[in-house]
Asker: 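I have a structure I would like to understand better, so I am pasting it below and will then ask my questions one at a time.
What you see is a predicted model; the values in this text were computed from it and never measured. In each ligand, atom 1 is the first atom listed, and ligand 1 is the first ligand listed.
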Amino acid sequence: MDFGFSPEEETFRQEIRQFLKKEVPPDFIGSLWFEDEVETDEMWEISKAMARKIGEKGWFSIGWPKEYGGQERSHIMQCIFAEELAYHQAPGCSIQGARMLAPVLLTYGTEEQKRRHLPPIAKGEIFWAQGFSEPEAGSDLASVQTRAVEKDDHFVIDGQKIWASGAQYADWMHLLARSDPNVPKHKGISYFLTDLKAPGITIRPLINMIGTYSLNEVFFDGLKIPKENMVGEKNKGWEVTTALLRAERSGIERAAVCQSVLDILLKYVRERGELAKNRLIQNELAERAIEVEVAKLLSYRVAWLEDRGEIPQWEAAMGKTYSSELMHRTANTGMHILGLYGQLAEDSKWAITRGMIEHWYLSTVSRPIAGGTSEVQRNIIALRGLGLPRS
Ligand SMILES: Cc1cc2nc3c(=O)[nH]c(=O)nc-3n(C[C@H](O)[C@H](O)[C@H](O)COP(=O)(O)OP(=O)(O)OC[C@H]3O[C@@H](n4cnc5c(N)ncnc54)[C@H](O)[C@@H]3O)c2cc1C
């Protein structure tokens, strides 16, 4: 058993760090879950510019085949890249496109879909949003009611999606729709790609509890999706969906931002000698340090399994549950350490750590919900990982 990284992997990590040091604007206030949290046009412009630079390096597509703009390197390398970007709270990540949709297209896409959609993702030119959830279909995603009716050379889509992160900025959306209402629910779903500028799409903002805008309702009214934009076979979209959800739950970003916040808190207490000596604070930070280590190991394991050609399902659910819940625990530790200062937002002159803990504390409430709730992940772990019967 080897818990270390190879010299090549360590060199790559250093290369990314040098790049981020040079390219991230010095006054940039990082975000702790970037793509979902792009809240202003200015942040989006910074993010897009950075994504192009990352694209030039070829880092969105480290593990893909060369013919689609990839480098044919390992999942561990891809994981190191994601870890560094998230740890440094850098702009420009492409969670929806590069980390979630691309692996699915590589497995289920047609040759034409791969050639059309993968290179712009690799170059950081085109951004994606996810149209899965509906008002009556979240945890029970297979209950989607958005309809897809086949007509000539296209499908006509009518219905509504909700909680679509970043759809106000994205160029394209990947989505599920019911293409056969007369069969068991998992068997009548198809998976589509649509240009978000196509006629028949209305995007409306949903303001979250922090008062910021990163989520959307998306309405389809007679939207036409050409047949060549269906991924996988008609009515077999559920298989594609589960692959996408696995990819969504697999990333190391959640663990990496916890490490980032932990290090910021450590720096803060070290600079204030009395705080650093406080036994309660020491204990709490030690507890978080153990947990961050566990969270990272769970994520590395997923990448390691992928490099062995295995499909980590419950393992990805385990990592997602643990690290998304840890995000909020780490925020809580920040609140305990900062005391009343922890409640101050970035625009207060008394704010410490530029209001990051206040923002992090509020925004992490939603992390165990997004991407599938912790309860649903525990069901997956119990059924698939532990082999327990369905209750
Ligand atoms: C910040 C954020 C970003 C998001 N971004 C996107 C996005 O980009 N695209 C997208 O499509 N969706 C997105 N979502 C939606 C997200 O996937 C859903 O919120 C999530 O799957 C839960 O669905 P729901 O909100 O309908 O809750 P419900 O499914 O109604 O669940 C309500 C409660 O019941 C529990 N529950 C439900 N079923 C079970 C069960 N079988 N066993 C045990 N408990 C159960 C849940 O755990 C939860 O506590 C986002 C959500 C958030 C918070």
Asker: Indicate, as side chain, backbone, both or neither, the part of Leu215 found under 4.0 angstrom from ligand 1 when only non-hydrogen atoms are considered.
Answerer: side chain
Asker: Please list, in number order, the atoms of ligand 1 under 4.0 Å from a heavy atom of Asn379.
Answerer: 40 (C), 41 (N), 42 (N), 43 (C)
Asker: Restricting to side-chain hydrogen bond (donor to acceptor under 3.5 Å, both in side chains), what partner residues turn up for Glu15, sequence neighbours left out?
Answerer: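 Glu15 satisfies side-chain hydrogen bond (donor to acceptor under 3.5 Å, both in side chains) with no other residue.
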Asker: Counting only heavy atoms, tell me which of Ala129, Gly138, Ser214 gets closest to atom 23 (O) of ligand 1.
Answerer: Gly138
Asker: Which option out of Asn208, Ile369, Asn216 puts a heavy atom nearest to atom 19 (O) of ligand 1?
Answerer: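 Looking at heavy atoms only, Ile369 sits closest to atom 19 (O) of ligand 1.
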Asker: Heavy-atom contacts with Ser366 under 4.0 Å: which atoms of ligand 1 show up? List them by number with element.
Answerer: 1 (C), 53 (C)
Asker: With heavy atoms of Phe132 as the reference, note each atom of ligand 1 found under 4.0 Å away.
Answerer: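 Selected atoms, number and element: 11 (O).
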Asker: Between Leu141 and ligand 1, which part of the residue brings a heavy atom under 4.0 Å of the ligand: side chain, backbone, both or neither?
Answerer: neither
Asker: Is NZ or CZ of Arg329 both nearer than 6.0 Å to the six-membered ring centre of Tyr322 and within 45° of the ring axis?
Answerer: yes
Asker: Check side-chain hydrogen bond (donor to acceptor under 3.5 Å, both in side chains) between Asp171 and all other residues, then give those that pass, not counting sequence neighbours.
Answerer: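 side-chain hydrogen bond (donor to acceptor under 3.5 Å, both in side chains) list for Asp171, sorted by chain: empty.
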Asker: So which atom in Leu326 and which in Ala295 form the shortest heavy-atom distance, rounded to 0.1 Å?
Answerer: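 It is CD2-CB, 3.9 Å.
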Asker: Of the choices Ser143, Ala370, Gly372, Ser139, which has the non-hydrogen atom that lies closest to atom 29 (O) of ligand 1?
Answerer: Ser139
